[in-house]
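Note that the structure is a prediction, hence the values are computed from the model and not measured. No hydrogens, no waters, no symmetry mates; every other heavy atom, side chains included, goes into these values.
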Amino acid sequence: MAQISIQPVQIWSNGQTIAGNNLEAYSIYDNLTSESKFYYQIQKDTQSLISGNISMVGNDYDLWIANNFATEYALTYICQQLNLTPIIPTKKKK
């Protein structure tokens, strides 16, 4: 399971609007040649607000393979599909 902070997004949940600030996702299927499916949740901290599945196929899948099945690539792809803005931590120089 992987997660990334996102710019807050308003989600209607149980009769109220809540700002989701976290995306959590993991692969639920991968045929290792052309397709992967991911389960995702948008959360407020650790409270799940909404969830679903997203497929990655074609050129997107090929690029994921080329990036050694990188978690960051998959999370960024899911953010793009859901129109979310990930907050990528900046790397500190030594």
Quiz item: Which atoms form the tightest heavy-atom contact between Tyr61 and Asp30, and what is the distance?
Solution: OH-OD1, 2.6 Å
Quiz item: Between the side chains of Asp45 and Asn21, is a donor N or O closer than 3.5 angstrom to an acceptor N or O?
Solution: yes
Quiz item: Going by heavy atoms in the side chains, are Ile4 and Asn22 under 4.5 Å from each other?
Solution: no
Practice problem: Classify the side-chain pair Asn68/Tyr73 by whether it contains a donor and acceptor separated by less than 3.5 Å. | Solution: no
Exercise. Return yes if some donor-acceptor pair links the side-chain N/O of Ser55 with the main-chain N/O of Phe38 below 3.5 Å, else return no.
Key: no
Quiz item: How would you list, by chain and number, every residue that makes a side-chain hydrogen bond (donor to acceptor under 3.5 Å, both in side chains) with Asn31, sequence neighbours excluded?
Solution: Thr33, Ser34
Quiz item: Can Lys44 and Leu49 be said to form a side-chain contact (heavy atoms from CB on, under 4.5 Å), step by step?
Solution: CA-CA 7 Å; Lys44 168 67 177 169; Leu49 303 175; 4.0 Å; yes
Quiz item: Which other residues end up in the same hydrophobic cluster as Tyr26, if Ile, Leu, Val, Met, Phe, Trp and Tyr are linked when side-chain heavy atoms come under 4.5 Å apart?
Solution: Met1, Ile28, Tyr39
Self-check item: Short side-chain donor-acceptor distance under 3.5 Å, Gln10 and Thr17
Solution: no
Quiz item: Can you find a pair of side-chain heavy atoms, one from Val9 and one from Leu84, that are under 4.5 Å apart?
Solution: yes
Quiz item: Are Leu82 and Met56 grouped together when hydrophobic residues (ILVMFWY) are joined by side-chain heavy atoms under 4.5 angstrom apart?
Solution: yes
Exercise. For Asn67 and Phe69, indicate whether the former's side chain and the latter's backbone hold a donor-acceptor pair under 3.5 Å.
Key: no
Quiz item: Looking at Glu35 and Tyr29, what are the two nearest heavy atoms and their distance?
Solution: OE1-CE2, 4.0 Å
Self-check item: Over 12 non-hydrogen atoms of neighbours within 6.0 angstrom of CD in Glu72
Solution: no
Quiz item: Is there side-chain contact between Ile50 and Trp12, with heavy atoms separated by less than 4.5 Å?
Solution: no
